[in-house]
A.B. asks: 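Supplied in C-alpha cells, the structure appears directly below.
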Amino acid sequence: MSKTSQQNTATDANGVSVIHTQAHTSGLQQVPQLVPVSPGGGGKAVPPSKQGKKNSFLDRNSDEYRQRRERNNMAVKKSRLKSKQKAQDTLQRVNQLKEENERLEAKIKLLTKELGVLKDLFLEHAHNLADNVQPVGTETTTTNPENNGQ
C-alpha cells in the first residue's frame with residue numbers, strides 16, 4: 001500500500017498555525033494538528049471550538065451578561081445549600097452513631113457483669129458437687145444402730 005498525503009498550513013487569527021493533513025489510501029481522515037506560530041511557544045494552541053469564546057467578552061451592561069450572572073449566582077447558591085445540607089446530614093449521622101455506641105458499651109458492661117456473676121455461681125456449684133462426690137474405690141463403713149446387738 002502506498003500512502004499519498006498532502007499538507008496545508010494556515011495561520012488563524014490567534015497566530016496559531018494549523019496543519020491539515022489528508023491521507024488518500026486508507027480512507028481515514030487525520031485530525032488537524034495545532035502548532036504555535038512562534039518557535040518559542042509563546043502561547044497555548046487553542047482548538048477551533050474554543051477560539052471564538054476566548055475573545056468574546058460580554059459587556060457588563062448587556063442582558064446576556066446579566067442572565068449568565070443570574071444563572072451562575074443561582075447555581076452557586078444551590079451548590080452551597082446542598083453542601084450545607086450534606087454537612088448537617090453527616091453531623092446528624094455522627095451523633096446517632098455516638099449514641100448507639102454508648103448504648104452498646106453500656107450493654108457490654110451489663111453483660112460482662114452478668115457473665116461474672118453466672119461464672120461465680122457455676123464455680124461455687126461445681127465446687128460443692130466436688131466436695132459431695134467421693135473418689136471411686138473408697139468404701140466407707142456405716143454402722144446401723146438397729147443391727148448392733150444381734
A.B. asks: Run the numbers on Gln67 and Asp63 for side chain to side chain donor-acceptor pair (under 3.5 Å), then give the verdict.
C.D. replies: CA-CA 6 Å; Gln67 288 174 350; Asp63 289 339; over 6 Å; no
A.B. asks: Do Ser83 side-chain atoms and Ser79 backbone N/O form a donor-acceptor pair below 3.5 Å?
C.D. replies: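 No.
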A.B. asks: Does His127 reach the side chain of Glu124, with side-chain heavy atoms less than 4.5 Å apart?
C.D. replies: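 A side-chain contact is absent here, since even the closest heavy-atom pair is not under 4.5 Å.
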A.B. asks: Given a cutoff of under 4.5 Å between side-chain heavy atoms of I, L, V, M, F, W and Y, with clusters grown through shared members, what are the other residues clustered with Phe122?
C.D. replies: Leu123
A.B. asks: More than 12 heavy atoms of other residues, nucleotides or ligands under 6.0 Å from CD of Glu70: is that the case?
C.D. replies: no
A.B. asks: Could you give the distance from CG (Leu104) to CG (Leu111), rounded to the nearest 0.5 Å?
C.D. replies: 10.5 Å
A.B. asks: Could you measure the distance from the NZ atom of Lys77 to the CG atom of Asn72? Nearest 0.5 Å is fine.
C.D. replies: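 Output value for this atom pair is 12.0 Å.
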A.B. asks: Could you state the interatomic distance from CD (Glu105) to CD1 (Ile108), rounded to the nearest 0.5 Å?
C.D. replies: 6.5 Å
A.B. asks: Between Glu99 and Asn95, do the side chains contain an N or O donor and an N or O acceptor separated by less than 3.5 Å?
C.D. replies: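 Result is no, nothing qualifies.
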A.B. asks: Are any side-chain N or O atoms of Thr90 and backbone N or O atoms of Lys86, one a donor and one an acceptor, separated by less than 3.5 Å?
C.D. replies: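 Present.
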A.B. asks: Do Val117 and Glu114 come close enough that some side-chain heavy atom pair is under 4.5 Å?
C.D. replies: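 Side chain of Val117 against side chain of Glu114, heavy atoms only: no contact under 4.5 Å found.
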A.B. asks: Examine the side chains of Asn73 and Arg69 and answer whether a donor and an acceptor come within less than 3.5 Å of each other.
C.D. replies: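 Judged by distance alone, the side chains do pair up.
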A.B. asks: Please report the closest heavy-atom contact between Arg66 and Arg60, naming both atoms and the distance.
C.D. replies: CD-O, 4.3 Å
